[in-house]
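Start at 1 with the first residue, then count along the sequence.
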Amino acid sequence: MEHTTGSGQKPYKGIRMRKWGKWVAEIREPNKRSRIWLGSYSHPVAAARAYDTAVYHLRGPSARLNFPELVAADGRLDELSAADIRKKAIEVGARVDAEVACTSVHTSGTTLASGACSFEEKPDLNKKPEPEHPDGDDK
């Protein structure tokens with residue numbers, strides 16, 4: 001899959017590709033010189049979704065998005081700090097990056113260990129394990 005057009009244009013707004021192949025996203029805060037760093041991702045779609053999340057929270061429903069049908073479904077629009085916007089954008093980008101990586105592994109025919117791409121909840125390793133039987137026997 002080609003990630004830039006022949007003229008070198010980026011495939012999505014708000015992202016760029018690093019020399020070593022990672023895709024990054026950042027956005028300028030309105031009426032400020034500062035930027036909000038939105039993360040580094042393996043796939044351009046993940047970086048674009050992180051950008052969309054941030055621009056939507058900064059500019060509202062009138063924001064020009066890469067995937068308007070996906071962010072608009074998010075619904076809630078709260079007044080957030082730059083740190084909160086960064087956190088939300090990185091969560092979205094990381095989730096999309098993992099989903100794209102999992103999908104591309106499955107469609108390429110690569111065999112994975114069972115559950116390698118499942119997003120099931122991991123056990124809390126800080127908790128003391130509970131016995132399997134209520135009476136504590138290991139029958």
Side-chain angles (χ1 to χ4, degrees):
M1 179 178 159
E2 188 172 297
H3 295 298
T4 57
T5 63
S7 63
Q9 291 179 321
K10 294 176 281 189
Y12 301 109
K13 279 183 62 55
I15 71 170
R16 69 181 186 276
M17 187 175 174
R18 296 273 194 205
K19 292 176 192 171
W20 51 88
K22 288 281 190 173
W23 291 89
V24 297
E26 63 184 351
I27 189 169
R28 189 178 305 277
E29 292 185 74
N31 305 317
K32 294 184 182 179
R33 301 184 91 199
S34 58
R35 293 179 179 265
I36 301 172
W37 178 252
L38 304 175
S40 177
Y41 305 96
S42 298
H43 301 91
V45 172
R49 292 283 309 276
Y51 172 83
D52 279 4
T53 300
V55 77
Y56 183 73
H57 283 283
L58 285 170
R59 298 196 174 97
S62 63
R64 293 181 59 204
L65 306 171
N66 294 301
F67 303 100
E69 68 283 359
L70 298 176
V71 175
D74 191 20
R76 274 189 24 243
L77 195 70
D78 302 324
E79 181 97 9
L80 299 175
S81 69
D84 290 335
I85 290 170
R86 178 185 304 110
K87 183 179 176 189
K88 277 184 167 285
I90 289 172
E91 286 172 2
V92 170
R95 179 177 41 83
V96 172
D97 220 11
E99 289 171 357
V100 171
C102 186
T103 302
S104 64
V105 167
H106 280 301
T107 57
S108 70
T110 305
T111 310
L112 294 174
S114 147
C117 282
S118 66
F119 300 105
E120 60 192 46
E121 191 173 327
K122 304 291 183 219
D124 184 352
L125 299 177
N126 294 317
K127 281 186 174 179
K128 183 177 177 181
E130 296 179 20
E132 291 188 24
H133 298 288
D135 56 9
D137 292 339
D138 291 330
K139 293 182 182 176

Do Leu80 and Leu38 sit in one hydrophobic cluster, given that two such residues count as connected whenever their side-chain heavy atoms are within less than 4.5 Å of each other, even indirectly?
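Yes: a chain of side-chain contacts under 4.5 Å links Leu80 to Leu38.
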Starting from Met17, can I reach Val96 by hopping between I/L/V/M/F/W/Y residues whose side chains sit under 4.5 Å apart?
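Yes: a chain of side-chain contacts under 4.5 Å links Val96 to Met17.
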Indicate the atoms forming the closest heavy-atom contact of [X] with [Y], along with that distance.
X	Y	answer
Arg59	Ala63	CB-CB, 3.9 Å
Ala25	Ile15	CB-CG2, 4.1 Å
Trp23	Ala47	CB-CB, 4.0 Å
Pro44	Pro11	CB-CG, 4.3 Å
Phe67	Ala48	CE1-CB, 3.8 Å
Trp37	Arg86	O-CG, 3.1 Å

So, Asp97 side chain and Ala46 main chain: donor-acceptor pair closer than 3.5 Å or not?
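Checked: no pair found.
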Leu65 backbone acceptor or donor facing Asp52 side chain under 3.5 Å
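Checking the backbone N and O of Leu65 against the side chain of Asp52, no donor-acceptor pair under 3.5 Å is found.
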If the condition is side chain to side chain donor-acceptor pair (under 3.5 Å), which residues does Lys87 pass it with, not counting sequence neighbours?
none
Taking NZ, NE, NH1 and NH2 as the nitrogens, is one of them in Arg95 or Glu91 under 4.0 Å from a carboxylate oxygen of the other?
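Salt bridge flag = no for Glu91 with Arg95.
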Using the test side chain to side chain contact (heavy atoms under 4.5 Å, CB included), find all partners of Arg35 that sit at least two apart in sequence or belong to another chain.
Glu26, Arg28
Not counting sequence neighbours, which residues clear salt bridge (Lys or Arg N to Asp or Glu O under 4.0 Å) with Lys32? List them please.
Glu29
As a test of understanding, state which of Ile85, Thr53, Leu58 forms a side-chain contact (heavy atoms from CB on, under 4.5 Å) with Ile27.
Leu58
When rounded to the nearest 0.5 angstrom, what is the spacing between NZ in Lys88 and NE2 in His57?
4.5 Å
With rounding to the nearest 0.5 angstrom, report the NZ to NE2 distance, Lys22 to His43.
9.0 Å
Between Val24 and Tyr51, is any pair of side-chain heavy atoms under 4.5 Å apart?
no
